[in-house]
Amino acid sequence: MEELETIRVQKLQQIRDLGFDAYPTHYRYTHTAGAVVEQYGARTAEELEAEPITVRVAGRIMASRPFGKAGFLGITDGGQKLQIYAKKDKLPEREFQLYQSLDLGDMIGCEGTLFRTRTGELTIQAKELSFLAKSFLPLPEKWHGLTDVEIRYRRRYVDLIVNPEVRDVFVKRSLIIREIRRFLDDAGYFEVETPVLHTIAGGALAKPFRTHHNALDMPLYLRIALELHLKRLIVGGLNRVYELGRIFRNEGISWKHNPEFTMLEFYQAYSNYEDLMDMTEELLRRVVTKVNGSLTITYDGQEIDFSKFTRLSMRGAIVKFCPEPVSEEELRDRAKVEGLLKKLHAEYDPKAPVGNLVGSLFDAVAEKHLVQPTFIFDHPIELSPLSKIKLSDPSLVERFELYIGGMEVANAYSELNDPVDQRGRFESQLQAKERGDEEAHAMDEDYIRALSYGMPPTAGEGIGIDRLTMLLTDSKSIRDVILFPLMRSED
RNA sequence: GGGCCGUUAGCUCAACUGGCAGAGCAACUGACUCUUAAUCAGUAGGUUCGCGGUUCGAUUCCGCGACGGCUCACCA
C-alpha cells in the first residue's frame, strides 16, 4: 500500500525535523524486557514507589493507546512484552512530539522508572524516549494476526514479530541442538566438519542435487549424508566423531520432508549397534527432559512416553501389525511376501529382491503404528549396503531405526568394515541401478581404499534434527521447524 | 507427479440463485493525562491471483495458467 508508505516516509521526516537521528547506530540499554519482568515482576506498587527503579529498554512498538496528552505504548523485545507510559508533563517537549509521531512497528528506546498502573500492570514511566528505526510497512492485524501459511513461511520475519509461539519453536530447536552437543562432548566425542560438495553422493539411498565447479570444470553433488567422510575419520583414528550438518536430497516435499534438512551423525569405534540403542535412549531422555521438563510429551494429540523404549525386529513388527496372519518364517518366502503386498494394495517394485519387499511391507503395515519410541532392528541386507552382516542370519544386518510418532527419527548400524564385502555390496547396488533404481548407491573407490587401511569395529547413527524438533514442539509440518523452508519463487 | 480445496482492502474474513464489492482491525483527521481488543466522531482505501470464454451484466458459471494448503505416491 503505497499511500501508507508515503505517510510513514513523511513521518520519518517529521522525526528528523525534531532533531532525531533517523537511523542511530546504537542504543545502550540496561535491561532487556525479559530482565525487567524477571527482576521486578514481583514488586508491588508500593515497593516500586518507595524504591524507584530506573531502567533503559528497547523494543518494537506493537500496541498504541493514546489519550491526548498521554498514552501507552506496548513494546516487545526478545519476545517479551512491556508497557511504556508516555506523559506530556514527564517528558521533554521534543520527546513527547516524537511519541506523537510514532507508528506501530517502529523501534524505540526508553528510559524511565517502573510503576504499576491502576490495573496492576508493570509499566515504565517514560523520562526519555529515543527513536531507533522506522517501520514503513504495516504489521498484520492484532487479533487474528498472520495466519496465511504461505506468507508466514515467505516472510518469516513478520511471522516472528507477530506470532510468539513461532519464536518458542526455534528457541526449543536451539536448545535441542545445544543439549545434543553437550551430551556428545561429555561422552568424549569430537565435532568435525566435512565437505558439503561431494564428487560422489554417497552414504544414503537418495537422489542428490547436482552442481558444477567452474575452475575445475567438475560436476559436483550436494551431500545426501555425512556418513562416508565420518567413517574415513574413524579410519584416521578419530575414535568418536560427530557432525551436525545440513544435507540435501532432491526428492519430494511433504509434511516430513524438506529438500534441505539437518542431520546429526555420530560414529563410535569399538562399539556395535546395540551399544547405540542404549546410548540413544540416554541421549533422548536427556534432551527431552531438558527441553520439555518431563519424559512425557504430547504429539498430535497423543501422549508419547520416553521413559520406555520398545525393541522389535523388523519381521517381528510385520507379524505384530500385519492385518493378514503371517509368521516370521514365511517372511523369507518371496511369493508369500509379494502376495501380502498385493492383498494390502501396497506399491512395490516387482523386480526388487525379497529384502526390499519386506521393507515395503514394513512401511505399509507397521510404520504408522509406531507412536511410542520403538527401535526396529535387523533390516534386510538389500536395504543396507553399508551395514555389517548379522552373524546368525546372513540375510540381515546389524541395524536399527528408531520410530517415534509414526516417523523415522534415527537410523544406526554396526558399520561394515570389511573392504571386500563393501565392494561386493556396492557392486550389487550398481546392479540395482541397472534395474532402474535411481537411488541405488554409487561405487566409491576411495571409501573402499580407506576401509582397506583397516577400520576398527564401529557403530554409527544418524538422527533427524528437524523431526526430533517436530516431536518436541508438537509441530505437524517440518516447515514449522525450519526458519526458511523451500518455496517456489514468488514471481 | 495424482486427487481435493483455496486465492476478495495492509491483515482476518463476508458478499444468497449471475445484478451498485462490504465489515472488523490497521491507516488518516479530530476529542481525550491509568489504557491494555481503550473509547467516541468523521475520512480514505480494491486490476476480487492472471489470461481467455459464456452473458445485457461475472467475485460468482466455463476453460487454461500461476501460487499455496491438505492428501496419496516416493524418500529421512
Side-chain angles (χ1 to χ4, degrees), chain A residues 1-8 10-11 45 62-74 81-91 96 99 103-105 115-123 125 135-155 158 162 203-208 224-225 247-265 345-349 359-360 363-364 367 383 401-403 407-411 437-439 462-468 470 476-479 485 487-491:
Chain A
M1 205 169 144
E2 286 164 32
E3 191 192 337
L4 189 138
E5 279 192 69
T6 311
I7 289 164
R8 293 204 173 184
Q10 286 166 0
K11 281 195 170 172
M62 297 300 288
S64 174
R65 291 178 286 275
F67 290 88
K69 298 188 184 64
F72 292 92
L73 291 176
K81 289 185 190 174
L82 198 58
Q83 183 168 260
I84 291 168
Y85 186 44
K87 215 173 168 184
K88 188 171 165 64
D89 54 18
K90 298 274 183 170
L91 274 172
F96 190 74
Y99 159 73
D103 287 303
L104 294 184
F115 75 107
R116 281 195 186 275
T117 62
R118 247 172 240 163
T119 51
E121 180 159 346
L122 186 67
T123 302
Q125 172 80 254
S135 171
F136 293 114
L137 295 174
L139 291 173
E141 193 241 16
K142 62 185 172 190
W143 305 345
H144 308 87
L146 180 64
T147 57
D148 182 324
V149 293
E150 179 179 355
I151 300 180
R152 287 189 44 223
Y153 296 146
R154 288 192 192 277
R155 302 187 205 165
V158 178
V162 300
L205 307 178
K207 283 175 234 164
I224 57 172
I247 65 180
F248 308 85
R249 298 190 183 173
N250 204 342
E251 291 169 352
I253 294 175
S254 80
W255 64 279
K256 52 179 171 175
H257 300 272
N258 194 63
E260 52 179 308
F261 61 106
T262 301
M263 184 83 114
L264 164 72
E265 287 194 27
H345 308 291
E347 290 209 3
Y348 66 98
D349 177 0
S360 301
D363 289 344
E367 184 173 9
L383 298 175
E401 291 175 305
L402 174 62
Y403 287 85
M407 282 189 286
E408 184 190 333
V409 170
N411 178 24
D437 183 351
E438 284 183 78
E439 287 162 10
I463 295 181
I465 297 300
D466 310 273
R467 289 184 179 179
L468 183 59
M470 287 170 68
K476 291 175 304 288
S477 167
I478 197 168
R479 296 174 144 198
M487 305 284 281
R488 229 178 271 266
S489 72
E490 269 190 270
D491 29 59

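Residue numbers begin at 1 in each chain, while the letters A, B, ... track the order of the sequences. This is a predicted model, so every value here is computed, not measured. All heavy atoms count here, side chains included; hydrogens, waters and symmetry mates do not.
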## Note on the structure
Exactly one of A:Leu402, A:Thr262, A:Leu264 clears side chain to side chain contact (heavy atoms under 4.5 Å, CB included) with A:Ile463, and that residue is A:Leu264
### Summary
A:Met487 atom CE is separated from B:rA66 atom C1', nearest whole Å, by 14 Å
### Audit row: A:Leu104, A:Ser64, side chain to side chain contact (heavy atoms under 4.5 Å, CB included) steps and yes/no
CA-CA 7 Å; A:Leu104 294 184; A:Ser64 174; 4.0 Å; yes
### Task
From the options B:rU35, B:rA27, B:rG68, select the nucleotide whose nearest atom is closest to the side chain of A:Glu121.
B:rU35
#### Entry: Integer angstrom distance from the C1' of B:rG57 to that of B:rU17
15 Å
### Query
What is the nucleic acid contact for A:Lys142, judged by heavy atoms within less than 4.0 Å: base, sugar-phosphate only, or nothing?
sugar-phosphate
### Task
Kindly indicate, with the supporting measurements, whether the criterion side chain to side chain contact (heavy atoms under 4.5 Å, CB included) is fulfilled by A:Phe261 and A:Arg467.
CA-CA 9 Å; A:Phe261 61 106; A:Arg467 289 184 179 179; over 6 Å; no
### Query
Could you state the CZ-P distance from A:Arg249 to B:rC74, rounded to the nearest angstrom?
16 Å
### Message
Classify A:Asp466 by what it touches in the nucleic acid, base, sugar-phosphate, or nothing, heavy-atom distance under 4.0 Å.
### Response
nothing
### Query
Mind checking the C1' distance from B:rA66 to B:rG52? Whole angstroms is fine.
15 Å
### Message
I want to confirm an ordering. Mapping A:Phe261 and A:Pro66 to their closest nucleotides on RNA chain B, which one lands closer to the 5' end?
### Response
A:Pro66
### Message
I'd like to check, for A:Phe67, whether its ring lies over the base of B:rU33 with centroids under 5.5 Å apart and a plane angle smaller than 30°.
### Response
no
#### Entry: Aromatic plane relationship, A:Tyr85 with A:Phe72 - under 30° parallel, 30 to 60° tilted, over 60° perpendicular
parallel
### Whole-angstrom distance between B:rC74 and B:rU60, as gauged at atom P
38 Å
### Gap between atoms NZ and P, on A:Lys88 and B:rC32 respectively (whole Å)
12 Å
### Query
A:Arg116 CZ to B:rU35 C1': how many Å, rounded?
16 Å
### Query
At under 4.0 Å between heavy atoms, what does A:Phe96 touch on the DNA or RNA strands: base, sugar-phosphate, or nothing?
nothing
### Protein-nucleotide distance (A:Arg154, atom CZ; B:rC67, atom C1'), rounded to Å
7 Å
### Query
With rounding to whole Å, what would you report as the distance between B:rC20 and B:rU59 at their C1' atoms?
14 Å
### Task
Return yes if the base of B:rG10 and the side-chain atoms of A:Glu141 contain a donor-acceptor N/O pair under 3.5 Å, otherwise no.
no
### Task
Give one of base, sugar-phosphate or nothing for A:Arg152, where a contact means two heavy atoms less than 4.0 Å apart.
nothing
### Task
Under 4.0 Å between any heavy atoms, over every strand shown, what does A:Lys256 touch: base, sugar-phosphate, or nothing? Just pick one.
base
#### Entry: Separation between the P atoms of B:rA23 and B:rA41, rounded to whole Å
15 Å
### Summary
With the side chain defined as heavy atoms from C-beta on, A:His144 is closest, among B:rU12, B:rC74, B:rU33, to B:rU12
## Note on the structure
To the nearest angstrom, the CG-P distance between A:Asp103 and B:rA26 comes to 13 Å
### Task
Look at all strands and tell whether A:Asn250 reaches a base, only sugar-phosphate, or nothing, counting heavy atoms closer than 4.0 Å.
nothing
### Message
Taking B:rC4 as the reference, what is the distance to B:rC40 when you measure between their P atoms (whole Å, please)?
### Response
47 Å
### Task
Starting from P on B:rG69, measure out to CD1 on A:Ile478 and report it in whole angstrom.
14 Å
### Message
Tell me whether the side-chain N/O atoms of A:Arg65 come closer than 4.0 Å to OP1 or OP2 in B:rU35.
### Response
no
### Message
Nearest 0.5 angstrom please: A:Thr123 OG1 to A:Leu82 CG, how far?
### Response
7.5 Å
### Summary
Rounded to whole Å, the CZ-C1' distance (A:Phe248 to B:rA76) equals 15 Å
### Task
Select base, sugar-phosphate, or nothing to describe what A:Lys81 touches, counting heavy atoms under 4.0 Å on all strands.
nothing
### Task
In plain terms, say whether A:Lys256 and A:Glu367 are close enough for a salt bridge, that is, a side-chain N and a carboxylate O under 4.0 Å apart.
yes
### Query
What nucleic acid atoms does A:Ile247 come within less than 4.0 Å of, heavy atoms only: base, sugar-phosphate, or nothing?
nothing
### Task
Between B:rG19 and B:rG3, how far apart are the C1' atoms? Round to whole Å, please.
35 Å
### Task
Under 4.0 Å between any heavy atoms, over every strand shown, what does A:Arg488 touch: base, sugar-phosphate, or nothing? Just pick one.
sugar-phosphate
### Message
Using a heavy-atom cut-off of 4.0 Å across all strands, would you classify A:Gly71 as base, sugar-phosphate, or nothing?
### Response
nothing
### Closest-nucleotide ordering on RNA chain B, the 5'-leading residue of A:Trp255 and A:Gln83
A:Gln83
#### Entry: P gap between B:rU12 and B:rU55, integer Å
37 Å
### Query
Does any N or O donor sit under 3.5 Å from an N or O acceptor when you compare the side chain of A:Thr147 with the base of B:rU12?
no
### Query
Under 4.0 angstrom, heavy atoms only, what part of the nucleic acid is A:Leu139 near: base, sugar-phosphate, or nothing?
nothing
### Task
State whether A:Lys90 places a side-chain N or O below 4.0 Å from either non-bridging phosphate oxygen (OP1 or OP2) of B:rU33.
no
#### Entry: More than 12 heavy atoms of other groups within 6.0 Å of A:Lys90 NZ
no
### Message
Using a 4.0 Å heavy-atom cut-off, does A:Glu408 contact any base of the nucleic acid, only the sugar-phosphate backbone, or nothing at all?
### Response
sugar-phosphate
### Task
Verify side chain to side chain contact (heavy atoms under 4.5 Å, CB included) between A:Asp466 and A:Asn258, making sure each step is shown before the conclusion.
CA-CA 9 Å; A:Asp466 310 273; A:Asn258 194 63; over 6 Å; no
